[in-house]
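The block underneath contains the structure these notes are about, expressed in structure tokens.
Quick caveat, the model's predicted, so the values are computed rather than measured. Throughout, residue positions are numbered sequentially from 1 according to the sequence presented.
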Amino acid sequence: MRKRFNITGRCVQSRHYMVNIDDRLFKIKTMIENGDYFVMNRARQYGKTTTLGCLSSYLESEYIVISMDFQLMSDNKFCDEHSFSIAFADYLLEIVRNDKVPVRGLDSNVLQRLHAEVEMNDYNYGLVELFRSLSSLCRTAEKPVVLIIDEVDTASNYQVFLGFLAQLRGYYLKREINATFQSVILAGVYNIKNLKSKLRPESEHRFNSPWNIAADFRLDMSFSAADIKGMLCEYEADYMTGMDIEMVAGIIYDYTSGYPVLVSDICKRIDEEIPEMDSFSDKASAWTRKGVLEAVNCLISEKNMLFDSLTDKVENYPDLKNFLYSLLMTGKEIAYNPDIEAIDVALMFGFVKVENTKVVVANRIFETRLYNMFLTSPEMQKSRMYTIGTRDKYQFVKSDGLDMDLILERFVTSFDDLYGDRPQSFLEEDGRRYFLLYLRPIINGMGNYYIESRTRNMERTDVIVDYGGKQYVIELKIWRGNAYNSRGEKQLMEYLDYYHLDCGYMLSFNFNKKKEIGLKRICLGDKVLVEAVV
């Protein structure tokens, strides 16, 4: 059977191209050997279910693994303690009976008694009775028992789940006396503190969680460039496209920062969709820089469940929306502070990550989607600059890409006409936003853009534009004098080398009353710099 790249549900080694996660499984197993209880809380489609599936197989020689999924328990099973306890016991028995997921080594007499409790359906059978049964199961088992529960978010709105966590905690604290699970792994987007806060939003209860015995789960589940390279090596062995594996893996990583489903989505598009496009002839032409950029553009331009989820979170959490807007639009550095709820929520949902104690957007693809969401809002589209960009956009498209010289020239003229008499403080804060407002309708549907994270600050920002398989680097900066400008030119030349480009662009916001507005071309060695001054 032909292997494929998978973006829906669990990946299976025999059917899908996968990153090798043995090193991650080893680290998780170490936590289990230590007897840790923990939560694998990561953003949506971050490989949690795939990791848990591989983990079950990885552990089966040394442990009895009971792997459950709360999505398979209907809402009415969480309505009260009795319903949940009977449903949980019945689910466990079904797992044991399932030949496709064999669970061997549990005492048959204990299982029979548990089956009898389910059949009797005595209303007095609740969490206390359930955990006595589970304790007997663990005590008589041939090997230590590990409990894995995926999709615990399904239970997040039900009080009975907190009772379940409290029982797990109670047995954990007395495990030297009462037999219990060797380890318990819960998986979901929300961490347990957030589950508690959803039930009791009052501040005095927010962090009073029965899951305070849990160990921190700090394992990096993102894919490195080397991880992606390993997966592509397997693919290349099957198809022999002649791709530059290291280059392709590097570009995919640059755009995704290793977010698992984004990596797989891009690879899947290059494998299945890009070769069918008119500008590509076969798989060999698709597995190129141009093919990767085309796949990225398709991904960013389309709706999917992950992006819909991100959008919903932004709309439902006003503080999160304000935080992300500030992070993207102002260029201000934001120090990581776990006590700020908006930052905590942004991290939990996967919008951002922490680098060098600073909060940054998680990856270029999320960044572009967020920029698009903010820049195409009804309020933003009423902006004069957005309207002008929409009006002028067809003038800038050439057969081989964009006329970036003309884009900057028209932007300079439009910006000076509209905002040239505004105070400096306005321009420093909003110059970047207005350039992106102008640029957005021009490249809409045919390209995308992102901010080079290494230069994101109030004084200098590099905007990278991908359009028609080509890249353009535009440095946005505040004029601080000739010496500073020279340093900026040198840095821009270094980025041109990195992106293998011969021409770069600089947009300078100059507040000197004697400034000369317009464009000029500067030769710097074998590079050309086009500088626009407003």
Residue pairs passing the ring pair (Phe, Tyr, Trp, His ring centres under 6.0 Å) test where at least one lies in residues 224-247, sequence neighbours excluded: Phe5-Tyr235, Tyr17-Tyr235, Tyr235-Tyr239, Tyr235-Trp287
What's the separation between atom [atom1] in [X] and atom [atom2] in [Y], rounded to the nearest 0.5 Å?
| X | Y | atom1 | atom2 | value |
| --- | --- | --- | --- | --- |
| Ser224 | Asp23 | OG | CG | 8.5 Å |
| Ile442 | Ile407 | CD1 | CD1 | 4.5 Å |
| Arg24 | Lys27 | CZ | NZ | 8.0 Å |
| Leu476 | Ser508 | CG | OG | 8.5 Å |
| Phe351 | Leu328 | CZ | CG | 10.5 Å |
| Leu375 | Ser377 | CG | OG | 7.5 Å |

Check whether any side-chain heavy atom of [X] lies under 4.5 Å from a side-chain heavy atom of [Y], and answer yes or no.
| X | Y | value |
| --- | --- | --- |
| Ile343 | Ile334 | yes |
| Thr288 | Met243 | no |
| Leu168 | Phe164 | yes |
| Leu262 | Phe366 | yes |
| Asn304 | Asp308 | no |
| Ile185 | Ile149 | no |
| Leu299 | Phe307 | yes |
| Val39 | Tyr190 | no |

Test: Lys313 cationic atom under 6.0 Å from Phe349 six-membered ring centre, within 45° of axis: yes
Residue pairs, two or more places apart or on separate chains, that pass side chain to side chain donor-acceptor pair (under 3.5 Å) and touch residues 249-267: Asp254-Tyr498, Tyr255-Asp466, Tyr255-Gln471, Ser257-Lys353, Asp265-Arg269
Between [X] (side chain) and [Y] (backbone), is there a donor-acceptor pair under 3.5 Å?
| X | Y | answer |
| --- | --- | --- |
| Lys527 | Leu501 | yes |
| Asn20 | Asp22 | yes |
| Thr51 | Gly47 | yes |
| Ser285 | Asp282 | yes |
| Asn6 | Thr8 | yes |
| Gln182 | Ile32 | yes |
| Ser56 | Leu52 | yes |
| Tyr91 | Leu72 | no |
| Glu236 | Ile245 | no |
| Asn34 | Asp36 | no |

Closest non-hydrogen atom pair, [X] against [Y]:
| X | Y | value |
| --- | --- | --- |
| Ile474 | Met404 | CD1-CE, 4.0 Å |
| Ala532 | Leu408 | CB-CB, 4.0 Å |
| Cys54 | Leu25 | CB-CD1, 4.0 Å |
| Met231 | Cys267 | CE-SG, 4.1 Å |
| Cys11 | His16 | CA-ND1, 3.4 Å |
| Leu496 | Cys503 | CD2-O, 3.4 Å |

Aromatic contact, Phe435 with Tyr449 (centres under 6.0 Å): no
Salt bridge (Lys or Arg N to Asp or Glu O under 4.0 Å) between Glu62 and Lys143, worked out: CA-CA 7 Å; Glu62 298 179 44; Lys143 293 180 287 189; over 6 Å; no
Side chain to side chain contact (heavy atoms under 4.5 Å, CB included) evaluation trace for Val397 with Asp403: CA-CA 6 Å; Val397 179; Asp403 189 339; over 6 Å; no
Flag yes if more than 12 heavy atoms outside [X] fall under 6.0 Å of its [atom1] atom; otherwise flag no.
| X | atom1 | result |
| --- | --- | --- |
| Lys229 | NZ | no |
| Gln13 | CD | yes |
| Met247 | CE | yes |
| Asn316 | CG | yes |
| Lys398 | NZ | yes |

From CA spacing to verdict: side chain to side chain contact (heavy atoms under 4.5 Å, CB included), Met380, Leu437: CA-CA 8 Å; Met380 287 290 192; Leu437 275 171; 3.9 Å; yes
From CA spacing to verdict: side chain to side chain contact (heavy atoms under 4.5 Å, CB included), Val465, Val463: CA-CA 6 Å; Val465 176; Val463 178; 4.2 Å; yes
Taking 4.0 angstrom as the limit, do [X] and [Y] come out as a salt bridge?
| X | Y | value |
| --- | --- | --- |
| Asp244 | Arg289 | no |
| Arg104 | Glu142 | no |
| Asp150 | Lys48 | no |
| Glu272 | Arg4 | yes |
| Arg2 | Asp271 | yes |

Distance-only donor-acceptor check, side chains Arg169 and Asn212, under 3.5 Å: yes
Test ring pair (Phe, Tyr, Trp, His ring centres under 6.0 Å) applied to Tyr467 and Tyr472, step by step: CA-CA 8 Å; Tyr467 189 94; Tyr472 306 83; 7.5 Å; no
Residues that Gln71 engages under side chain to side chain donor-acceptor pair (under 3.5 Å), provided they are two or more places apart: none
Working for side chain to side chain contact (heavy atoms under 4.5 Å, CB included), residues Trp211 and Val184: CA-CA 11 Å; Trp211 199 241; Val184 175; 4.0 Å; yes
